[in-house]
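For clarity, every value in this text was computed on a predicted model and none was experimentally measured.
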Amino acid sequence: MTMADDTEDVELDFAADEQERAQKHTVIRHPLASFFHLFFRVVAIVVYVLCDWISKNFASCFILIITLLSFDFWSVKNVTGRLLVGLRWWNQIDEDGRSLWVFEAKKTSGGCDTGTETEARIFWLGLIICPLIWTFFFFTSLFSMKIKWLSLVVASISLQLANLYGYLRCKAGGQDGQPADKNSFTGQHLLQRPDIIFGIL
């Protein structure tokens, strides 16, 4: 009976691990989802900025922008959040007729099909920067006394912030490895856990 030599050299392949890590940082695994995550919201902002030159009809601009942002809301909530960052949220009605909000974060594993770090960065930057742009438009409309445009901007901010809020709830619950608290989620929770926002950028 021969015993294995404990002093035998074991070859470790660190280069393969580094290549795999570098590929996870740079590759876009879901290019179509990444494109549509930004497409509708960016086109809505461009249409808003150029609306006076495109058409003098406020109603057509309003309908076009709200339609684009509705497509954006649906695609981000139902497709890109799940594919790019492994998060999803929705509302369901239970047997008693109560409305329940569900926030989920997919457990990450080595062979998971969620997006790469590049895709996660695209997702979070788009989700955070666009509401800030619409907030800027809110103040410009308010100070220039364009009340009809103000209603459009408020509707746009509402659609953008709803997704941001939902995904921050998912991220907060997913960070701890347990479901998000269904009863309360306040700014105080974000102040206690700044890594929720700053860790995603």
Side-chain angles (χ1 to χ4, degrees), residues 30-85 87-92 99 101-103 115 118-173 180 184-191 193-194 196-201:
H30 305 100
L32 200 58
S34 298
F35 172 77
F36 280 108
H37 177 70
L38 296 175
F39 176 74
F40 293 120
R41 58 184 58 215
V42 170
V43 171
I45 289 170
V46 169
V47 168
Y48 178 81
V49 170
L50 301 177
C51 207
D52 283 338
W53 293 308
I54 295 172
S55 172
K56 297 295 182 188
N57 187 354
F58 171 75
S60 61
C61 289
F62 186 93
I63 290 170
L64 179 60
I65 292 170
I66 292 298
T67 302
L68 287 167
L69 290 174
S70 298
F71 287 155
D72 171 68
F73 181 83
W74 183 88
S75 66
V76 170
K77 182 182 168 302
N78 295 315
V79 180
T80 64
R82 183 176 48 83
L83 290 177
L84 300 182
V85 291
L87 302 173
R88 66 181 181 162
W89 62 275
W90 71 92
N91 182 310
Q92 66 187 27
S99 177
W101 291 92
V102 181
F103 304 94
T118 303
E119 290 175 327
R121 187 158 287 145
I122 289 170
F123 178 84
W124 288 109
L125 286 175
L127 207 61
I128 292 169
I129 290 174
C130 290
L132 293 175
I133 293 171
W134 284 108
T135 303
F136 171 75
F137 292 156
F138 172 82
F139 288 112
T140 58
S141 298
L142 182 66
F143 293 134
S144 62
M145 300 301 288
K146 295 181 178 177
I147 302 303
K148 63 181 181 181
W149 290 102
L150 197 60
S151 63
L152 171 63
V153 172
V154 167
S156 303
I157 290 172
S158 300
L159 287 169
Q160 299 278 305
L161 287 181
N163 262 332
L164 179 60
Y165 176 76
Y167 282 113
L168 286 176
R169 290 279 309 257
C170 293
K171 184 77 171 167
S184 67
F185 182 78
T186 61
Q188 183 179 12
H189 186 74
L190 287 176
L191 292 176
R193 296 276 316 277
I196 292 171
I197 291 180
F198 297 114
I200 56 185
L201 301 176

Chemist: Return the set of residues passing side chain to side chain contact (heavy atoms under 4.5 Å, CB included) with I129 (not counting sequence neighbours), or none when no residue passes.
Modeler: L125, I133
Chemist: Would you please name every residue forming a side-chain hydrogen bond (donor to acceptor under 3.5 Å, both in side chains) with S99, sequence neighbours left out?
Modeler: N91
Chemist: Please list, chain by chain and in numerical order, all residues satisfying side-chain hydrogen bond (donor to acceptor under 3.5 Å, both in side chains) with W90, sequence neighbours excluded.
Modeler: Q92
Chemist: Could you tell me the separation between the CD1 atom of I122 and the CG atom of L127, rounded to the nearest 0.5 Å?
Modeler: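 It comes to 13.0 Å.
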Chemist: Please report the interatomic distance CZ(R169) to CH2(W101), rounded to the nearest 0.5 Å.
Modeler: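 Here the interatomic distance stands at 10.0 Å.
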Chemist: Is there a ring-ring contact (aromatic ring centres under 6.0 Å, His included) between W149 and F62? Walk through the geometry before answering.
Modeler: CA-CA 8 Å; W149 290 102; F62 186 93; 8.6 Å; no
Chemist: Give the minimum heavy-atom separation between G166 and F103, together with the two atoms involved.
Modeler: O-CD2, 3.5 Å
Chemist: In Å, rounded to the nearest 0.5 Å, how long is the span from CG of N163 to SG of C170?
Modeler: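 Between N163 CG and C170 SG, I get 10.0 Å after rounding to 0.5 Å.
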Chemist: Which pairs, with at least one residue in residues 133-162 and sequence neighbours excluded, count as a salt bridge (charged side-chain N to carboxylate O under 4.0 Å, His left out)?
Modeler: none
Chemist: Scan for disulfide (SG to SG under 2.5 Å) pairs involving residues 31-73, sequence neighbours excluded, and state none if there are none.
Modeler: C51-C61
Chemist: How many angstroms lie between atom CG of L152 and atom OG of S156, to the nearest 0.5 angstrom?
Modeler: 4.5 Å
Chemist: Looking at every non-hydrogen atom in both residues, tell me the closest pair between G81 and Y167 and how far apart they are.
Modeler: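 Between these two residues, the closest heavy atoms are CA-OH, 3.4 Å.
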Chemist: Output every pair passing salt bridge (charged side-chain N to carboxylate O under 4.0 Å, His left out) with a member in residues 60-71, not counting sequence neighbours, ordered by first then second residue.
Modeler: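 Salt bridge (charged side-chain N to carboxylate O under 4.0 Å, His left out) check on residues 60-71 returns no pairs.
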Chemist: Would you list the atom pairs, donor with acceptor, under 3.5 Å between side chains in residues 38-49 and any protein atom, with sequence neighbours excluded?
Modeler:
| from | atom 1 | to | atom 2 | distance (Å) |
| --- | --- | --- | --- | --- |
| R41 | NE | H37 | O | 3.3 |
| R41 | NE | D72 | OD1 | 3.0 |
| R41 | NH1 | G126 | O | 2.7 |
| R41 | NH1 | Q160 | OE1 | 3.3 |
| R41 | NH2 | D72 | OD1 | 3.3 |
| R41 | NH2 | D72 | OD2 | 3.0 |
| Y48 | OH | S141 | OG | 3.0 |

Chemist: Tell me if the centroids of the rings in W89 and Y165 come within less than 6.0 Å of each other.
Modeler: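 Aromatic pair excluded; centres sit 6.0 Å or further apart.
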Chemist: Taking the six-membered ring where the residue is Trp, are the ring centres of F36 and F71 under 6.0 Å apart?
Modeler: no
Chemist: I need the H30 NE2 to R82 CZ distance, nearest 0.5 Å.
Modeler: 8.5 Å
Chemist: Roughly how far apart are I157 CD1 and F136 CZ, rounded to 0.5 Å?
Modeler: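 Interatomic distance, I157 CD1 to F136 CZ, rounded to 0.5 Å: 12.0 Å.
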Chemist: Of all residues at least two apart in sequence or in a different chain, which pass the side chain to side chain contact (heavy atoms under 4.5 Å, CB included) check with I63?
Modeler: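 Partners of I63 by the side chain to side chain contact (heavy atoms under 4.5 Å, CB included) criterion, ordered by chain and then number, come out as T67.
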Chemist: How are the rings of F137 and W134 set to each other: parallel, tilted or perpendicular (split at 30° and 60°)?
Modeler: perpendicular
Chemist: Sort and list the pairs that fulfil salt bridge (charged side-chain N to carboxylate O under 4.0 Å, His left out) and have at least one residue in residues 53-67, not counting sequence neighbours.
Modeler: none
Chemist: Under the side chain to side chain contact (heavy atoms under 4.5 Å, CB included) test, which residues partner S60, sequence neighbours left out?
Modeler: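 For S60 the side chain to side chain contact (heavy atoms under 4.5 Å, CB included) partners, ignoring immediate neighbours, are S55, N57.
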Chemist: Is the number of heavy atoms from other residues, nucleotides or ligands within 6.0 Å of CZ (F139) greater than 12?
Modeler: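 No, not enclosed.
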Chemist: For L83 and A33, which heavy atoms make the closest approach, and how far apart are they?
Modeler: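 Looking at all heavy atoms of both residues, the closest pair is CD1-CB, 3.9 Å.
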